[in-house]
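Got a structure for you, written out below as structure tokens; questions coming shortly.
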2 protein chains.
Amino acid sequence: MADEESQPQIRTTSEAWESLFRTQVAVMRRMQQLPEFKKLAMREYDVLFNLSHCPTGWTRLNELNEALLISQPSLSRMVERLEAKGLVQRRTAERDQRGIEIALTEEGRALQQEIGRVHVRHLHEMLAPALSEEEFRQLQFLTDKLRTGIKDR
Amino acid sequence: MADEESQPQIRTTSEAWESLFRTQVAVMRRMQQLPEFKKLAMREYDVLFNLSHCPTGWTRLNELNEALLISQPSLSRMVERLEAKGLVQRRTAERDQRGIEIALTEEGRALQQEIGRVHVRHLHEMLAPALSEEEFRQLQFLTDKLRTGIKDR
DNA sequence: TGTCAGTAGATGCAAAAGCATGTAAACTGA
DNA sequence: TCAGTTTACATGCTTTTGCATCTACTGACA
């Protein structure tokens, strides 16, 4: 009765998820203490990071919200604060007058890059000893596939 | 110059991490909306879950804190609230009069199990279509290995 | 045995988060 | 074209979080 591509058991999926989740916690706990996040909270950096990866530069607020774990009102106010710090700029969307688009300012982009460079290095020092090149690639393959395959319900 | 077990490239580790992280965000965002977390916030459930997995039943506060992303004062107060709700109980540690040990109450254990049962099922519905049994096992293997291999610095 | 650095957790206070709701624009379908 | 619904974001208010600091206890060593 064994299939090559069997449906996963409940136990298997939940154990894999728990392991992934605990790993994320372990890494994040260490990351929080790194010096690069004294300047800017990790959640705020995450916003800048997301903005830096947007091809046009401008992103809709609701779209950005989907990539983050915070609520819509919280993001709204976080953007307000980031704007006050001069790190992002906002404008109303052309096609939809309800919408807001935001983008990094020059200063914001510079800060993101500054933190990003250091951070990638620290991350590498932290993680690299744990797995081989090939294993990291497998991990990425699996998490990419998992993320894109999640059922939306 | 190619090794079988080559040291990972910076790019490989950071891309794998980002993929893992984004996957975690995607799953958590969907989880937050599930009905089982109307009763109890996810972070609070996480505390109950951790307690339910402790072999002796009692856990030191600082030990518990290591498994969570919140700060020590926040945990301190969260436990206070959980105690007020009758879900956990606390006592001073025998060997170390500074320390606090906490454990689930009967009510807390019951609630954890109730939420847990439903939650595991929802999680399975959400994730199972994305990967095969074998792939979930690989994913767990890799995340376990990554978590235990993180350099502490 | 007394001092002193280190650790565990609590607490005052300010910042940030979430929930419920408000406002305004966009869609929908008679 | 216009009532009714939905969507995007803002805002009032409460709860939760974090930082800095405090207190109490421990453990090391002179």
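Below, chain A is the first sequence line, B the second, and so on; all start at residue 1. What you are looking at is a predicted structure, and each value in this text was computed from that prediction instead of being measured.
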**Cationic N near anionic O, under 4.0 Å, A:D144 to A:R147** =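 Yes, A:D144 and A:R147 are salt-bridged.
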**Message:** Nearest 0.5 Å, please: how far is CD in B:Q113 from CG in B:L48?
**Reply:** 11.0 Å
**Request:** Would you mind reading off the distance between B:Q33 atom CD and C:dG18 atom C1', rounded to a whole angstrom?
**Result:** 14 Å
**Message:** Do B:E125 and B:H122 have side chains that approach each other closer than 4.5 Å (heavy atoms only, starting at C-beta)?
**Reply:** yes
**Asked** If only side-chain N and O atoms of A:R81 are considered, is one of them under 4.0 Å from the OP1 or OP2 phosphate oxygen of C:dA15?
**Response**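 So the side chain of A:R81 is outside the cut-off, no N or O lying under 4.0 Å from OP1 or OP2 of C:dA15.
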**Message:** Less than 4.5 Å apart, side chain to side chain, heavy atoms only: is that true for B:K85 and B:L40?
**Reply:** yes
**Message:** Contact between A:T143 and A:L20 at the side-chain level, heavy atoms closer than 4.5 Å - yes or no?
**Reply:** yes
**Non-hydrogen side-chain atoms of A:I102 and A:L82 separated by less than 4.5 Å** =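 Sidechains of A:L82 and A:I102: no contact.
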**Request:** Classify the side chain of B:R77 and the base of D:dG18 as holding, or not holding, a donor-acceptor pair under 3.5 Å.
**Result:** yes
**Prompt:** Should B:R29 and A:E66 count as an ion pair when the cut-off is N to O under 4.0 Å?
**Reply:** no
**Asked** Looking only at side-chain N and O atoms, does B:S74 come under 4.0 Å of OP1 or OP2 in D:dT16?
**Response** no
**the helix from C:dT1-D:dA30 to C:dA30-D:dT1: angle between end helix axes, five pairs per end, rounded to 10 degrees** =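 It comes to 30° between the two terminal axes.
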**Spacing of B:L82 atom CG relative to D:dT16 atom P, expressed in whole Å** =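 It is 10 Å, rounded to the nearest whole Å.
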**Message:** Would you say that B:E114 contacts B:E36 through its side chain, given a criterion of any heavy-atom pair below 4.5 Å between the two side chains?
**Reply:**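 Result no, sub-4.5 Å side-chain heavy-atom pair not found.
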**Item:** D:dA10 OP1/OP2 closer than 4.0 Å to side-chain N/O of A:R90
**Value:**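 For D:dA10, OP1 or OP2 has a side-chain N or O of A:R90 closer than 4.0 Å.
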**Request:** Mind calculating the distance between CE (B:M78) and P (C:dA10) to the nearest angstrom?
**Result:**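 That distance rounds to 14 Å.
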**Asked** Taking it one step at a time, do B:R91 and B:E101 satisfy salt bridge (Lys or Arg N to Asp or Glu O under 4.0 Å)?
**Response** CA-CA 5 Å; B:R91 67 183 190 196; B:E101 291 174 335; 2.8 Å; yes
**Asked** Listed in order of residue number, which residues of residues 50-72 of chain B have a non-hydrogen atom at under 4.0 Å from DNA chain D?
**Response**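 The answer is B:L69, B:I70, B:S71.
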N/O-N/O pairs, protein side and nucleotides 22-26 of chain C side, under 3.5 Å:
residue: C:dA26; atom: OP1; partner: A:Q97; partner atom: N; Å: 3.1

**Prompt:** Taking it one step at a time, do A:S19 and B:Q140 satisfy side chain to side chain donor-acceptor pair (under 3.5 Å)?
**Reply:** CA-CA 6 Å; A:S19 179; B:Q140 183 179 349; 5.2 Å; no
**Request:** Check whether any side-chain heavy atom of B:F21 lies under 4.5 Å from a side-chain heavy atom of A:Q24, and answer yes or no.
**Result:** yes
**Prompt:** C:dA15 P sits how many Å from A:E80 CD, rounded?
**Reply:**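 Rounded to whole Å, this separation is 14 Å.
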**Rounded interatomic separation in angstrom, taking CD1 from B:I100 and P from D:dT23** =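 In whole Å, D:dT23 P and B:I100 CD1 are 18 Å from each other.
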**Message:** Rounded to whole Å, please give me the gap between CZ in B:R43 and P in D:dT15.
**Reply:**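 The answer, rounded to whole Å, is 17 Å.
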